[in-house]
Every structure is written in structure tokens, then in C-alpha cells.
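Below is one structure, written out as C-alpha cells; the observations come after it.
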Amino acid sequence: MMKSGSLSQYFVGVGVKSVTGTEVDPKVSRGHEFQGVDSFRAFLGIPTDKIRVPVKFVWLSDDEPPLVLSRSATWYDSRRGKGHRGPEYRLYYPADAEEVVYRAKQGDTLFLCMGKEDSLLALLCASGSSIEQQLLWLFGLDLRGKDLVQRDLREVEGRAVDMAARYVLELADVEVITSADEWLDRLLEAFPSGLPPTRKFSAFARNLAGEIDPTTDPDQALLTWMDVEERLFMTYERHIVGERLRKGFVVDDVADVDGFVRYSLEVQNRRKSRAGYALGHHVEALLEAHGIPHKREATTEKRNGPDFLFPGENRYHDANWPADRLLMLGVKTSCKDRWRQVLAEADRIERKHLLTLEPGISQTQTKEMRKERLQLVLPRPLHSSYRTAQQPELTEIAEFLELARSVADREAGGDTLL
């Protein structure tokens, strides 16, 4: 089995706090200081004089790409020279970081992440957002107000960097190592002409995933298959991209900038589309392992129907077939606002199901999903990334498979679903 690594590969320590108006609101103060971070001296040290620290400031939103600025900040003792008081360290950020920092409002959240190369990552996000919940889950932190709560990853390695953790790290603009170079020779032997069709590659990944039984633990099976496939794909793609870069982007001794941009976009689009296809292939493998009748990429009233329809397309279009004996499942690696697409994919089915691998979706969004009668289905290990109040509303993959099997059983026995 390929190893996932841990957070300690990327960070020495991490901390979280709520920001105050004094820190981020120019109408309150233009002091440009993060306060309540004195305990971070465990990672930044206790210098007697001011020191400069390279910092990447990042504003994170659920709806937009990250806004990133690489600058430097000053770590200093705000009580230096005041002998009657103990030291209190603060982080002073420069005026040209305002573009990121001032996106935050009082009560929003700051994550400080000390990197392995003595550089700092300052992540800011809205209170109650999905990305806030995802980062709290990733780092194993609790938000307790304006004073920093932190973890020393030199003492505890932190969460394994599996597929869900990589998803959150990449949202936070952290470059994650996903390749498994020890498998490159086997990949080249199996697919000497380049990346094969997605279905074939997914089957290859399942064969390499080791001894995991999809019938006894479908939740872990799906996560393992996806994790292995992503690592294999990134390993092969890294090889392909490396070969292309070695050839260069020069035409008639002139740099082919447009060609380079087109190739870069092609790589990014291929990553996104293959991840979606892979999830569909692995869900289909689970359904087949459990012997559950279904139709993949079905057609309903719309040209684009649900990813999976139960017990099948013919039953759906049979006006005499009861609607309460139909089931649908949308499949998306992440939701964002795209979950709304599922609502229009099968008019006869009132309660829709959506399987996703996105950890820690905000309470606001899951409440809206519930209002629209959309049921989230997630692998069991990801349920802990959601707040305690949300977890009873989530469905495990094993539970959904039981529901889908009940549709098939009732078809065979002529019963009706309650």
C-alpha cells in the first residue's frame, strides 16, 4: 500500500484564532498587527530584537480562488523595554498585505502555519465557511476566541495526508506531494503508449489497492481506491509533463507562450475530468460488487440525467412504476454550488442523493441542501470532518447501498417502499 505521509511533512506547527476589528478593520485601527499570537513563539522564537519572517498571506473563500500575496512580516516583543511587564510577541504585517488581510472582518478566522523552511502561511477565511471547518478538521484544532490555539507537529505528526487532506491543503494553496515514483516503472510497463482510458486506469488502481473488501467495508474501499488512483495518475502525469517540458516550447527560436498556456490548461482540465470519471468508475465497481441493479449516466426528462439511477432507466420511464420505488445518486468529488445541478436531474424522484468526497461542508450549505431534500452520502471516515450537529444527517456509503438494494429487492418481490 502506498503511504500517505502526514502534516508534519509540511508544517512544524499550526494555530488558529478569531481576528478582532483592531487587527483587520482600518476603521478601528491601522496598527497592522495580529495580536493574541504570543504562544506562537514556540515556532517563531523569542528574539530580543525585531526579526523579519517570510509570510504567504492567503484569503480563502468557498466561492472564489484563493487570493495570495507573498510578503514578509515582523515578529517582535511589543513590551520590549517595559521591565515591569513580561514579553508579549505580535506579528506586524506590512501595508501592502492589506489587499488580503482586509478581506477579513471581525470574528473571521486566522490560521498560522509554520512551514518546514522557516516561512509562515497566514490563512484567513470567513467564520462559518466550509473552508474554515475543513481547516479546523485538517489541523485538529478548536476555535476558542481571539487567543491562538495551536498544535506542535514536532511532537504529534498530525493527520495523514490522504485524498481528503490533500484536497483541503490544495484549497489553501499548499503544494502537496502526491506522486508514487516507486510505481512509475510498472505504470510505463502497463501503459507504454500513454494514459489509458479512464475506466481501464481505475481498474488498474483497484488491482493495486491491496486487500480491501468492498463488500464488507465499501466506505473505506472507495476512499482507498480513489487515493491510490490519484497517486498513480499524478505519478504518470508528472512523467508525461516532464517529457513535454524537456522538449520545450520554442517555435523558430521564439518562445511559444500561447502553446505553453494551452498545454498548462490541458493538464489542469485533464486532472479535473479524470478525477470525476474515476469516482464514477469506483462507485460503479461498488454497485457491481454488491450486485445492485442500476443504470449509469441515465436519461430522464432531461438530456443529462443522474449519474446512477435505480433500479434502471426502463422503470423510471414506466408511468405505472411507483415513484417511491425509484432512487438516484449524483456523484461529485466536491460540491461547491454544483450540487444544485442534481436537483433537476430526475423529476419523478423527490428525495435526491449526492455522493461526494468533500470534507467539512459548512452548516449553512448542508442546511440548504436539506431544505431542497438533497441527502449527502459520504464515506464514513469523512463524517468526522463535519460538525457534531451535522453528522446524524449524513449517510454512509454502506447505508446507501442497503437502500439501493432494497429498491432491487422490492422490484423482485413486488413490494412497495415505505
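Only this structure's heavy atoms are used, side chains among them; waters, hydrogens and symmetry mates stay out.
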**Message:** Strictly by side-chain hydrogen bond (donor to acceptor under 3.5 Å, both in side chains), give each pair with a member in residues 195-206 just once, sequence neighbours left out.
**Reply:** Thr198-His281, Arg199-Glu284, Ser202-Glu229, Arg206-His282
**Arg166 and Glu230 ion-paired at < 4.0 Å** = yes
**Asked** Taking 4.0 angstrom as the limit, do Arg348 and Glu313 come out as a salt bridge?
**Response** no
**Prompt:** For Asp217, which residues count as a salt bridge (charged side-chain N to carboxylate O under 4.0 Å, His left out) partner, sequence neighbours excluded?
**Reply:** Arg380
**Request:** Assess Arg244 against Phe260: is NZ or CZ under 6.0 Å from the centre of the six-membered ring, and within 45 degrees of the ring's axis?
**Result:** no
**Prompt:** Asp147: what forms a salt bridge (charged side-chain N to carboxylate O under 4.0 Å, His left out) with it, not counting sequence neighbours?
**Reply:** none
**Message:** Check Arg186 with Glu189, please: is the shortest side-chain N to carboxylate O separation under 4.0 Å?
**Reply:** no
**Prompt:** Which pairs, with at least one residue in residues 325-353 and sequence neighbours excluded, count as a ring pair (Phe, Tyr, Trp, His ring centres under 6.0 Å)?
**Reply:** His353-Phe400
**Message:** Salt bridge check, Lys371 against Glu368: does any charged N sit closer than 4.0 Å to a carboxylate O?
**Reply:** no
**Request:** Return the set of residues passing ring pair (Phe, Tyr, Trp, His ring centres under 6.0 Å) with Phe34 (not counting sequence neighbours), or none when no residue passes.
**Result:** Tyr93
**Complete:** Sorted by chain and number, sequence neighbours left out, ring pair (Phe, Tyr, Trp, His ring centres under 6.0 Å) with Phe308 holds for His294
**Request:** Name all pairs fulfilling the ring pair (Phe, Tyr, Trp, His ring centres under 6.0 Å) condition that reach into residues 118-169, sequence neighbours left out, sorted by first residue then second.
**Result:** Phe11-Phe139
What donor-acceptor contacts under 3.5 angstrom involve side-chain atoms of residues 65-75, with partners at least two apart or in another chain?
| residue | atom | partner | partner atom | Å |
| --- | --- | --- | --- | --- |
| Arg71 | NE | Asp96 | OD2 | 3.1 |
| Ser72 | OG | Arg52 | NH2 | 2.9 |
| Thr74 | OG1 | Arg52 | NH1 | 2.9 |
| Trp75 | NE1 | Gly45 | O | 3.0 |

**Asked** Taking only residues two or more places apart in sequence, or in another chain, which ones meet Glu88 in a salt bridge (charged side-chain N to carboxylate O under 4.0 Å, His left out)?
**Response** Arg79, Arg90
**Phe43: ring pair (Phe, Tyr, Trp, His ring centres under 6.0 Å) partners, not counting sequence neighbours** = Phe40
**Prompt:** In chain order, what residues pass the salt bridge (charged side-chain N to carboxylate O under 4.0 Å, His left out) check against Glu399, with sequence neighbours excluded?
**Reply:** none
**Item:** ring pair (Phe, Tyr, Trp, His ring centres under 6.0 Å) partners of Phe191, counting only residues at least two apart
**Value:** Phe201, Phe204
